[in-house]
Amino acid sequence: MNDDIIVNRDDWSLHRKGYQDQNRHKEKVQEAIKNQLGDLIVDESIILTDGKRTMKIPMRSLEEFRFRYDFNKKNHTGQGTKKMAPGDILARDNAKGKGTGSGAGEEPGIDIYEAEISYEDIAAILFEELCLPNLDDKKRPLIAHDKPEFNDVRKKGLMANIDKKRTLIEAIKRQARDAQTDESLKITPDDLRFKTWEPHPNYETNAVILAMMDTSGSMGQFEKYIARTFFFWMVRFLRTKYGNVEMRFLAHHTEAKEVTEEEFFTRGESGGTRCSSVYQLALEMIQKDYPPAHYNIYPVHFTDGDNIGSDNSRALSLMQKLVEISQVVGYGEILRTHYSSTLMATLKRITDPKLRLVTIRDRNEVYGALKAVFS
Amino acid sequence: MRTEIQELNAIANNIAEVARGLGLDFYPVHFELCPAEAIYTFGAYGMPVRFTHWSFGKAFYRLKTQYDLNLSRIYELVINSNPAYAFLLEGNKLIQNKLVIAHVYAHVDFFKKNRYFAKTPKDMLERMAAHAQQIRDYELKYGRLKVEQILDAALSIQEHIDSRAHVNPKVETNEIELKRPYKVRRKTSGSNYEDLLELDIENTGQREVQKSPNEDLLLFLIENSPVLENWQKDIISMVRTESLYFSPQIETKIINEGWATFWHSKIMRELDLSQAEVLDAAVMHSQVVQPSRLTLNPYYLGYKIWESLAEKEDLEFLFEVREAENDLSFVRNYLNRDLVEKSNLFNFRKIGAHWQVTETDWTKVRDNLVQSLVNGGHPKINVIEGDYEGKRGLYLKHIHEGIDLDVVYLEKTLALVQTLWGRLVYLETILDSKKVIFECQNGLVTRRHILKNNEKEN
């Protein structure tokens, strides 16, 4: 035998190279998602399914570009399972391409790299960019309720809280100790272990969103969808920071009233716009249900800004009050045409940085609006 | 009782004896038994130790996912070096490893004897480890992002080297090569800059911008780019060296895999196997040569051609073929009517919204296959000049051989080339029978159609 043929086994457990570069690849996926965030967060498949669906997005930046032949113009050679004749049809072209979650398409040349994105992925990246301004930690609810926390194991306890795994381990240990050879495992009362808890006072911080929307004739499908998208992300973002986020919906034209969520996003009315009405309603609601000392308050108002001129000064003074007692107030004007609004101009007189004024002209500006309000 | 390793050692030696007895001539082989993860890493990188790049991470992820989902398995991996390294998958059955070992010996025989591999360095394992270390050093010095940008660009054109430099090396293309063994030794020497200084000297000696057509785009950029710094040139030259090393493997996929498959079945017949083992080996062999849908399985095609050759010719002739041919000549010379018809090979293309069979005539099929193997399947891009219109523009020309380029990819790649050249970059090609020049400036690509063919022709 010669020793030029050797079989060897090394420890490869520290060979992490593939994972390291996979991480860099993942980073690049995240970067690509970030660059498309403006479009992703307004995608219907996320918003309208309440974040339950995942979506696939093409990742052009992660393709490995090179000079290559046009796959669709090339004559290929293939192999069939049976005799073929010229004119036989092999496949229909899917316009969507054949990319799969893991990367390349089945056929060479079709290399559309797609990443599967879930609501969580987008949320994680989006929320990383947002922050809560003026967060007031002192705002605790008056009553802290006790929350049980299972953190101990004892020999006595309620049978419903029995710790099966530990009990079995005790029984096995005892049997081994006693050197019993009996095959069946018996559990004696001494083996029983119970999970027990200690009460912990639980202080949850509360937040309330007052979603206000202009439902006058000029607010159409587009405007509502923008508002809906904004509120969708806003609620979810606030839930990451607060244990309890409430949401109230206030619709207004010349008068304001509280409506259900469904009505809020679907109902359309005609008539003029008097924004002071909804500010007044919001202030009343806060006074009644959400004492500012205990609640973090986030009023957000979407309108097309077409307010009745005579109402502007009243709207301004009410908004002033609202800003004082709130964490942040968002005022968004959704403008598809290019007329300048008088209400925005009026509200600009409030210099308090807690008032965030945004203008949305296009779907993908929702992202910018979120960043403007939560920064 | 013997351990698994001892047993495998005995088996590997036994199979080596059988293989050599049958006439195979291979370098010493070191087998490493490793877990799937390690094998998939090597598969993605092409080497156990290679520089870091996200594209390898992407490939690794893809291979591993397919393995985890049980969609595919890499059975073997061989490194063209002396001694050769091969990797066996932990958890494979003994009989599977026997087949893999036999397969590996034939690959190493091919690496040793085929003339396309004659000039590939046999210490590539160490060289590529040194490259990885050097690139790591550059990352620390210049930042990961800057290194990545150079690698992104260099890798996008890594196929555009003069692969014939292996067969008939000219002094000119070997200069960068000669530098590398020095680099391997550098690990023990002190200075980081010695070989950079060397690069400088080379450059001043070659200031004159080349005028003759040149296939080696990477080398041209190293020698003539007005913007690249020395460390960047060094990275590109490492990519080029590695690409030169891999290029004969790309050009001998069908013939080499066929050769190894042909031999593993031959060797298995010589071994003393139990009934169950014979069955397992047969199953595995049939998986290896399983025809794939639409695309051609190189193992299948290569194996069939070798098999048909063995029916008519003696072993002596087969050994000559494995010495002299690559995929292109192998298919052109030995794919015959019988094989094309029995294997149901056909040509197809996209007509409207359908993929349609166009030809089944055996010469047409063979010729189309041959054409797809030209230049390793990559379009040929020549450097025409580095001083286009007197403004140091880089003028590239696609040597059109009947198939248009993918325009999206062309534009993206041209923009990457432009980052390496710094000034204007042009690419001349033909789209739908019309001559087109793409121009790239500051990452932006524009195209213009040329109506008359009175521009520079060569």
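Residue numbers start from 1 in every chain, and the chains themselves are labelled A, B, ... in the order their sequence lines are given, proteins ahead of strands. Note that the coordinates shown come from a computational prediction; the quantities given were computed from them, not determined experimentally.
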Q) Could B:K58 and A:E64 be called an ion pair, given the rule that one side-chain N must be under 4.0 Å from one carboxylate O? A)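 Result for this pair is yes, salt bridge flagged.
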Q | Carboxylate-amine/guanidinium contact A:R24 B:E139, below 4.0 Å | A |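 B:E139 and A:R24: not salt-bridged.
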Given the options [options], which has more heavy-atom pairs under 4.5 Å with chain A than any of the others?
options	value
B:A84, B:A86, B:G402, B:G57	B:G57
B:E148, B:H398, B:Q158	B:E148
B:F348, B:Y27, B:F31, B:F26	B:F348

Q | Which of A:Q22, A:R66, A:K74 touches chain B most, by non-hydrogen pairs under 4.5 Å | A |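 Most heavy-atom pairs under 4.5 Å with chain B: A:R66.
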Could you look at [X] and say if it's the side chain, the backbone, both or neither that has a heavy atom under 4.5 Å from chain A?
X	answer
B:P379	both
B:I157	side chain
B:S156	both
B:Q371	neither
B:R50	backbone
B:L427	side chain
B:K364	neither
B:F51	backbone
B:E411	neither
B:A12	both
B:F60	side chain

[X] side chain to [Y] main-chain N or O, any donor-acceptor pair under 3.5 Å?
X	Y	answer
A:Q79	B:S343	yes
A:N8	B:E32	no
A:K73	B:L405	no
B:N9	A:I6	no

Q. Of the backbone (N, CA, C, O) and the side chain (C-beta and beyond), which part of A:Q20 lies under 4.5 Å from a heavy atom of chain B, both, or neither?
A.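 For A:Q20, there is no contact with chain B at all, as no heavy atom is under 4.5 Å.
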Q | Contacts of type side-chain hydrogen bond (donor to acceptor under 3.5 Å, both in side chains), residue B:N344, not counting sequence neighbours | A |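 Partners of B:N344 under the side-chain hydrogen bond (donor to acceptor under 3.5 Å, both in side chains) test: none.
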Q: Using the test side-chain hydrogen bond (donor to acceptor under 3.5 Å, both in side chains), find all partners of B:R349 that sit at least two apart in sequence or belong to another chain.
A: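 Partners of B:R349 under the side-chain hydrogen bond (donor to acceptor under 3.5 Å, both in side chains) test: none.
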Q. Taking the six-membered ring where the residue is Trp, are the ring centres of B:H160 and A:F67 under 6.0 Å apart?
A.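 Aromatic pair counts; centres sit under 6.0 Å.
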Q) Which atoms form the tightest heavy-atom contact between B:L296 and A:T77, and what is the distance? A)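 Heavy atoms only, the tightest pair is CD1-CG2, 3.9 Å.
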Q.
Parallel, tilted or perpendicular: which one describes the rings of A:H25 and B:W54, with boundaries at 30° and 60°?
A.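 Because their plane-to-plane angle is under 30°, the rings of A:H25 and B:W54 count as parallel.
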Q.
Measuring only between side-chain heavy atoms, which start at C-beta, is B:E37 closer than 4.5 Å to A:Y19?
A.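 Touching, per the 4.5 Å side-chain cut-off.
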Q: Could you tell me whether the side chain of B:V357 reaches within less than 4.5 Å of the side chain of A:L90, counting heavy atoms only?
A: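 Answer yes - side chains close enough.
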Q) Among B:T360, B:D361, B:N347, which residue meets the side-chain contact (heavy atoms from CB on, under 4.5 Å) test with A:P86? A)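 Going through the options one by one, the only one that passes is B:T360.
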Q: Check each of B:I403, B:N368, B:D367 against A:N75 using the side-chain contact (heavy atoms from CB on, under 4.5 Å) test, and report the only one that passes.
A: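 So, applying the side-chain contact (heavy atoms from CB on, under 4.5 Å) to A:N75 and each of B:I403, B:N368, B:D367, only B:N368 qualifies.
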